[in-house]
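Because only heavy atoms are used, hydrogens play no part in the values below, and waters and symmetry mates are left out as well, while side chains stay in. Note that the structure is predicted; figures quoted are calculated from it, not measured.
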Amino acid sequence: MPEQPRFSPRKKPYCINYEEALNPAQLEAVTYTEGPLLVIAGAGSGKTRTLTYRVARLVETGVSPSSILLLTFTRKAAQEMLQRAAQLLDSRCERVSGGTFHSFANAILRKYAAYLSLNSSFAILDRADAENMIQMLRKELDLAAAYRSFPRKSSLANIFSKSVNKVLPIEDVVYNDYPHFLSNIEAIVELYKTYEKRKREHHFLDFDDLLIYLQMLLNDHPDIRNRISWAYRYIMVDEYQDTNKIQAEILFLLASAHKNIMVVGDDSQSIYAFRGANFKNIMTFPNRFPGTRIIGLEENYRSVQPILQLTNEIIESAKEKYTKNLFTRRSGGSPPILLSAEDENTQSKFVVEKILELHQQRIPLNQIAVLFRASFHSFDLEIELNREAIPFVKVGGYKFVESAHIKDVLAHLRIIVNAYDKISWYRLLLLIDKVGPKSAQKIYEAILKEKSGYIGLLTIKLKIGGMKAIERLKNLFSLIDSHAMSVAEMGEAIVQYYIPILEQNYDDHPKRIKDLDHLVTIMERYENLEQFLTDMALEPPNTSIEDTLFEDSLPKDRLILSTVHSAKGLEWHTVFVIWALDGRFPSIHSFYKEEELEEELRLMYVAATRAKEKLFFICPDHAYDRGSGIVLSRPSRFLELIPDHILEKQFISSTRTRYYGY
């Protein structure tokens with residue numbers, strides 16, 4: 001396809017005063033539109049603002065909104081950016097194509113499925129579905145019986161996913177991350193091949209498949225690649241440091257026709273290698289796209305200068321990085337403090353005392369966060385917080401849609417869309433009294449023979465246990481089939497059917513019923529059941545209803561406890577980083593692997609850059625590590641040697657309520 005003409009510069013004045021709204025570096029990023037662009041956006045430097053104004057600028061210049069593609073890691077992020085751009089300019093910005101890599105892949109694959117011998121109505125397996133299929137195959141192959149120690153379904157799913165996202169053979173993943181399963185390597189590889197084959201047979205794609213097949217489509221079909229590339233003449237990517245190898249390759253192929261690609265990210269905040277994110281992507285971007293313009297956003301709008309001085313010092317020791325020096329125009333602020341406590345409980349009591357002191361100074365509890373390297377680091381602190389009746393929420397836990405009761409309801413809905421979904425049939429049948437795996441298999445095979453969709457359940461006659469109990473399920477499907485129900489009405493009918501099962505199986509059923517109510521509320525937004533199920537699979541809500549709709553029944557002002565990984569992108573007035581002890585942060589497991597130690601350094605940088613006004617690092621004076629048999633007795637190597645005028649050193653005594661210098 002011949003090169004398309006470039007857009008000529010706008011003749012008349014712009015509606016938005018970009019020069020007034022943006023700092024010089026942001027303005028340069030917004031106005032540089034032709035050719036590859038790498039924006040290194042330091043923490044708190046306004047990257048979202050930059051992307052938002054760039055969308056508005058392109059549209060205002062005359063670029064068709066449909067030819068702009070904005071890729072983010074959450075659908076919410078894309079929606080908010082496009083909504084803000086529309087508020088800045090007009091509704092044209094809302095017509096920009098925006099979403100996650102997975103949602104974009106889903107849309108493209110639905111359109112071009114035939115080129116990959118895929119069925120365009122393929123179903124998407126979320127993580128829980130994938131694990132269930134793996135478990136089913138694990139039983140079919142009788143692997144647990146054949147091997148004394150064989151990985152569980154969650155570990156197998158992790159192995160398979162890491163193999164895809166890191167572009168490594170299964171054998172390498174097992175060797176690196178699960179060496180205790182090396183004796184089972186042949187069976188694990190056999191199971192993976194069977195899993196891949198079964199997905200194809202049933203027209204299933206898991207999350208990783210969406211990216212794999214999109215890359216395959218773009219790589220193997222140059223004509224389609226050019227068509228898609230020219231359709232999206234301007235590509236923008238948020239959080240580029242979190243992309244994996246496949247995503248980086250997809251972007252290279254998507255931009256192959258025009259090279260108009262802008263990626264925004266911060267190499268210093270690349271902390272998700274365990275998910276497959278590849279730090280090298282952002283470092284080698286200029287090599288993939290020769291002639292790349294590199295722009296650094298260094299003005300920080302979050303933190304006081306003493307905190308920025310420390311964060312600059314922390315990241316300075318990184319061996320591979322884009323050099324940046326964060327600064328702010330804000331004045332004032334006190335230096336961060338590194339406190340050494342006599343023991344863990346002294347650490348916890350100091351944090352509690354300081355939180356109470358800040359709260360008395362009218363700092364809301366939800367503007368205070370305690371961060372830690374690993375979830376178990378906060379256990380002792382939680383006891384002290386409960387003792388002082390300080391309300392808190394701990395960030396993390398199960399994902400809303402991955403909880404068993406939500407999966408049960410979704411399985412019934414999936415049957416309505418795909419009547420021969422074996423995984424969903426097994427899930428909902430095994431919920432019924434006296435129906436076991438063998439009975440479920442017979443029922444499923446009978447439904448297949450009926451060839452009348454889920455209504456086939458109404459006509460089959462089998463002499464097996466549980467058929468009488470199945471009458472309630474038959475009545476449910478008969479009700480749905482005989483009425484023109486909306487998506488929410490179908491959900492409500494299934495929930496009413498399911499509540500007796502829920503009450504029988506869970507002691508905390510009142511809380512879970514609130515979750516189901518929330519699910520029906522979400523369904524009210526949809527007119528199409530397939531779209532609802534696709535969205536739930538691509539990007540489900542992250543939290544239980546307990547922390548969302550029913551806020552009125554909980555303390556409004558709550559302290560935040562969070563792992564550093566979960567805190568990325570957030571900010572608080574005051575931040576405490578506990579267990580800043582060498583061997584805990586960085587983890588003792590990273591000591592002998594340079595790449596892992598470098599990521600631990602970046603993780604410390606992320607923790608420090610969450611604070612706006614006050615920052616405390618705290619560690620016990622010593623702690624025994626049972627795994628290694630070593631006594632850990634020094635502050636984190638990332639902090640210990642930082643000069644005192646940048647990071648004050650203090651000691652906390654268990655016999656005093658105040659802290660004092662060494």
Side-chain angles (χ1 to χ4, degrees), residues 102 105 109 113 116-119 121-217 244 246 276 402 407 411 414-415 418-430 436-445 447-449 537:
H102 292 90
L109 292 176
L116 298 169
S117 300
L118 289 174
N119 188 320
S121 62
F122 61 80
I124 299 172
L125 298 178
D126 65 14
R127 179 54 180 259
D129 292 326
E131 288 186 7
N132 287 339
M133 176 176 271
I134 289 168
Q135 179 66 5
M136 189 185 301
L137 298 175
R138 188 174 178 267
K139 288 181 178 179
E140 283 183 19
L141 297 173
D142 204 21
L143 295 173
Y147 296 87
R148 178 178 297 179
S149 175
F150 198 78
R152 297 181 183 273
K153 62 181 182 180
S154 58
S155 297
L156 289 164
N158 283 336
I159 291 169
F160 297 168
S161 186
K162 282 189 176 184
S163 172
V164 172
N165 287 300
K166 294 192 173 186
V167 194
L168 291 172
I170 294 288
E171 294 87 344
D172 288 4
V173 174
V174 174
Y175 180 81
N176 292 331
D177 300 329
Y178 300 88
H180 49 294
F181 291 133
L182 280 172
S183 60
N184 303 331
I185 190 65
E186 290 183 5
I188 294 172
V189 171
E190 179 191 358
L191 178 58
Y192 177 67
K193 290 178 180 177
T194 306
Y195 172 61
E196 292 297 304
K197 180 183 177 184
R198 193 65 57 87
K199 282 188 296 179
R200 292 286 295 204
E201 290 173 351
H202 289 274
H203 308 293
F204 290 153
L205 269 66
D206 61 26
F207 277 7
D208 298 325
D209 291 329
L210 291 172
L211 300 182
I212 291 170
Y213 281 110
L214 177 57
Q215 180 191 8
M216 192 184 304
L217 176 72
N244 60 34
I246 298 174
E402 292 176 358
K407 292 296 298 177
R414 287 166 65 101
I415 290 297
N418 180 2
Y420 306 112
D421 181 339
K422 187 176 181 180
I423 294 175
S424 294
W425 270 116
Y426 270 55
R427 186 177 191 102
L428 63 89
L429 288 171
L430 291 174
K438 289 185 179 178
S439 295
Q441 175 70 19
K442 289 180 180 178
I443 294 169
Y444 178 72
E445 290 174 353
I447 291 169
L448 287 181
K449 289 180 181 178

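Remark: Asn165 engages Ser161, Asp208, Asn244 in a side chain to side chain donor-acceptor pair (under 3.5 Å) (not counting sequence neighbours). Looking at residues two or more places apart in sequence or on another chain, you find a side chain to side chain contact (heavy atoms under 4.5 Å, CB included) between Lys166 and Leu168. For Glu445, the side chain to side chain donor-acceptor pair (under 3.5 Å) criterion is met by Gln441, not counting sequence neighbours. Every residue two or more places apart in sequence or in another chain that forms a side chain to side chain contact (heavy atoms under 4.5 Å, CB included) with Gln135 is listed here: Arg138, Lys139, Lys153. For Lys422, there are no side chain to side chain donor-acceptor pair (under 3.5 Å) partners two or more places apart in sequence or in a different chain. Every residue two or more places apart in sequence or in another chain that forms a side chain to side chain donor-acceptor pair (under 3.5 Å) with Glu140 is listed here: Arg198.
More than 12 heavy atoms of other residues, nucleotides or ligands shown are found within 6.0 angstrom of CD on Glu201.
We find that Arg127 and Glu131 are joined by a salt bridge, their nearest charged nitrogen and carboxylate oxygen being less than 4.0 Å apart. The residues Lys193 and Glu196 are annotated as not salt-bridged, no charged nitrogen and carboxylate oxygen being separated by less than 4.0 angstrom.
Between Tyr192 and Tyr195, the ring planes lie tilted relative to each other; the angle falls in the 30° to 60° range.
Here the side chains of His102 and Leu211 are in contact, with some heavy-atom distance below 4.5 Å. Considering only heavy atoms from C-beta on, His202 stays 4.5 Å or farther from Asn418 through its side chain. For the pair Phe150/Phe181, no side-chain contact is recorded, criterion being any heavy-atom separation below 4.5 Å from C-beta on.
Rounded to the nearest 0.5 angstrom, Ser163 OG and Asp177 CG are separated by 11.0 Å. Taking CG from Leu125 and CZ from Phe207, the interatomic distance works out to 9.5 Å, rounded to the nearest 0.5 Å. Between atom CD1 of residue Ile246 and atom CE of residue Met216 there is a gap of 10.0 Å, rounded to the nearest 0.5 Å. Distance check, rounded to the nearest 0.5 Å: CG of Leu191 to CD1 of Ile188 gives 8.5 Å.
No hydrogens or angles considered: nothing links the side chains of Asn158 and Arg152 as a donor-acceptor pair under 3.5 Å.
Results of the side-chain contact (heavy atoms from CB on, under 4.5 Å) test with Arg414 over Leu428, Asp129, Ile423 single out Asp129 as the only residue that passes.
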